[in-house]
Amino acid sequence: MNWETVADYAALSQRAAEILLAGIRRDPRIVLGLPTGRTPVGMYQRVVAECTREYHCFRDVTTFNLDEYVGIPREHPGSYYTFMRQHLFDHVDIDAANTHFPDGPAYEDQIGAAGGLGLTFLGLGGNGHIAFNEPGTPSTSRTRVVALSEHTRAANASLFPDSRVPIYAITMGIATILESREIVLLAAGANKRAAIERLRSGEVTEEFPASALWWHRNVHVIVAE
Ligand code: GLP
């Protein structure tokens, strides 16, 4: 695992955006695994700013989001579909047909048909979750519907206008994520510090899903103080 600590959230966003854009420059047909949540917002802002200058940025890029809520319409203000449109897709030249959200086990086949995940960005839950793989998730897990923990629902309540966070979500599994050729984990702020220290300890346990990343050969962790 390659660790990088940066001064603040702006620096984290800048580094993450550079890595994403370098990935597209290296391979304009790259397949990206993309996160939602508060952490990647600054990365997307910088990517959008850069791509309004570079016209063909996302023309041939394919994306697979990590997760989505179940039981709310796609257009709901709290959905990850809405999040991705607001923060990235509506502002770049991506073909909507090349953007994907998990909708069932067939998601794994769609990822495979696109050539597999090339570069995947992850946020980190305060309880160590990655995507919506909550504590206790086996490292062999695949795309499936999961019940969200109370910890996660409380953490995400402010992202729902009425604080009514869905009870279920659909998420890529740990095994799905680990098949990405390259992974970048982003963590910023005091409420992630304990989780980052636990990850850094190197102990791999299903009780702390992010620790499965130690199995992967090409993980870059960017931490903002
Ligand atoms: C959410 C998402 C995760 C995200 C995490 C951290 O529950 N499903 O993919 O990484 O929580 O979110 P934030 O960046 O808002 O702290």
Side-chain angles (χ1 to χ4, degrees), residues 6 8-10 12-13 15-17 20 32-47 63-72 74 76-84 86-88 100-103 107 117 119-137 141 143-161 163-174 176-178 180 183-199 208-213 219-225:
V6 296
D8 55 19
Y9 180 68
L12 172 134
S13 302
R15 273 297 288 137
L20 195 158
L32 297 172
L34 294 179
T36 48
R38 281 152 283 221
T39 313
V41 168
M43 169 180 82
Y44 291 135
Q45 275 169 358
R46 283 162 178 77
V47 166
T63 66
F64 288 89
N65 266 79
L66 300 173
D67 46 16
E68 179 58 289
Y69 291 104
V70 168
I72 53 171
R74 231 166 56 144
H76 188 286
S79 78
Y80 288 162
Y81 172 82
T82 299
F83 175 100
M84 290 307 298
Q86 279 173 354
H87 293 285
L88 184 67
H100 304 85
F101 290 82
D103 53 2
Y107 203 48
L117 297 169
L119 171 60
T120 298
F121 290 83
L122 301 174
L124 178 64
N127 62 359
H129 75 233
I130 48 174
F132 269 138
N133 295 289
E134 299 279 24
T137 303
S141 52
T143 302
R144 72 216 180 280
V145 172
V146 292
L148 298 176
S149 71
E150 281 312 311
H151 179 284
T152 298
R153 294 184 67 227
N156 290 352
S158 68
L159 302 172
F160 281 79
S163 292
R164 282 172 53 191
V165 183
I167 294 169
Y168 295 101
I170 181 163
T171 182
M172 286 187 193
I174 307 255
T176 324
I177 292 168
L178 290 181
S180 180
I183 296 172
V184 179
L185 177 80
L186 308 174
N191 61 341
K192 301 294 166 71
R193 207 164 287 151
I196 278 295
E197 284 323 305
R198 188 160 178 193
L199 177 61
F208 191 73
S211 67
L213 296 173
V219 178
H220 190 106
V221 183
I222 308 178
V223 183
E225 297 282 89

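Atom set for the values below is all heavy atoms of this structure, side chains included, hydrogens, waters and symmetry mates excluded. All ligand and atom numbering here is 1-based and tracks the order in the structure.
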### Task
Check the pair Y168, Y69 against side-chain hydrogen bond (donor to acceptor under 3.5 Å, both in side chains), reporting the backbone distance first and the verdict last.
CA-CA 6 Å; Y168 295 101; Y69 291 104; over 6 Å; no
### Query
Are H76 and F160 an aromatic pair by the rule of ring centers under 6.0 Å?
yes
### Query
Is it the side chain (CB and beyond), the backbone, both or neither of L124 that lies under 4.0 Å from ligand 1, heavy atoms counted?
backbone
### Query
How far is atom 9 (O) of ligand 1 from its nearest protein heavy atom, and which residue and atom name does that atom have?
D67 OD2, 3.4 Å
#### Entry: T152 N/O to ligand 1 N/O under 3.5 Å
no
### Message
Give the atom numbers and elements of ligand 1 that come within less than 4.0 Å of a heavy atom of G123.
### Response
10 (O)
### Which residue and heavy atom of the protein sit nearest atom 5 (C) of ligand 1, plus the separation
H129 NE2, 3.4 Å
### Heavy-atom gap A131 to ligand 1 smaller than 4.0 Å
yes
### Query
How far is atom 2 (C) of ligand 1 from its nearest protein heavy atom, and which residue and atom name does that atom have?
Y80 OH, 3.5 Å
#### Entry: Point-to-point distance, once rounded to the nearest 0.5 Å, from CG of L178 to CE of M172
11.5 Å
### Message
Can you confirm whether or not the ring centre of F64 sits under 6.0 Å from the ring centre of Y107?
### Response
yes
### Query
side chain to side chain contact (heavy atoms under 4.5 Å, CB included) between I130 and L185: does it pass, once the steps are laid out?
CA-CA 9 Å; I130 48 174; L185 177 80; 4.3 Å; yes
Ignoring hydrogens and angles, write down the donor-acceptor pairs under 3.5 Å from the side chains of residues 119-129, residues two or more places apart or on other chains.
from : atom 1 : to   : atom 2 : distance (Å)
T120 : OG1    : S180 : OG     : 2.8
N127 : OD1    : H129 : N      : 3.1
N127 : OD1    : H129 : ND1    : 3.0
N127 : ND2    : E134 : OE1    : 3.0
H129 : ND1    : E134 : OE1    : 3.4
H129 : ND1    : T152 : OG1    : 3.1

### Protein heavy atom at shortest distance from atom 14 (O) of ligand 1
T39 OG1, 2.4 Å
### Message
Using every non-hydrogen atom in the two residues, find where P209 and N133 come nearest and quote the distance to one decimal.
### Response
CG-O, 3.2 Å
### Message
Between R153 and S163, do the side chains contain a donor N or O and an acceptor N or O under 3.5 Å apart?
### Response
no
### Query
What protein heavy atom is closest to atom 4 (C) of ligand 1, reported as residue, atom name and distance in Å?
T36 O, 4.0 Å
### Task
If you have a sec, work out which protein heavy atom is nearest atom 16 (O) of ligand 1 and how many Å separate them, to one decimal?
K192 NZ, 2.6 Å
### Task
Please lay out, stage by stage, how R144 and T176 fare under the test side-chain hydrogen bond (donor to acceptor under 3.5 Å, both in side chains).
CA-CA 11 Å; R144 72 216 180 280; T176 324; over 6 Å; no
### Query
Which heavy atom of the protein is the closest neighbour of atom 15 (O) of ligand 1, given with residue, atom name and distance?
R38 N, 2.7 Å
### Identity of the nearest option to atom 12 (O) of ligand 1, non-hydrogen atoms only, from G37, A169, P35
G37
### Task
Heavy-atom contacts with N156 under 4.0 Å: which atoms of ligand 1 show up? List them by number with element.
1 (C), 7 (O)
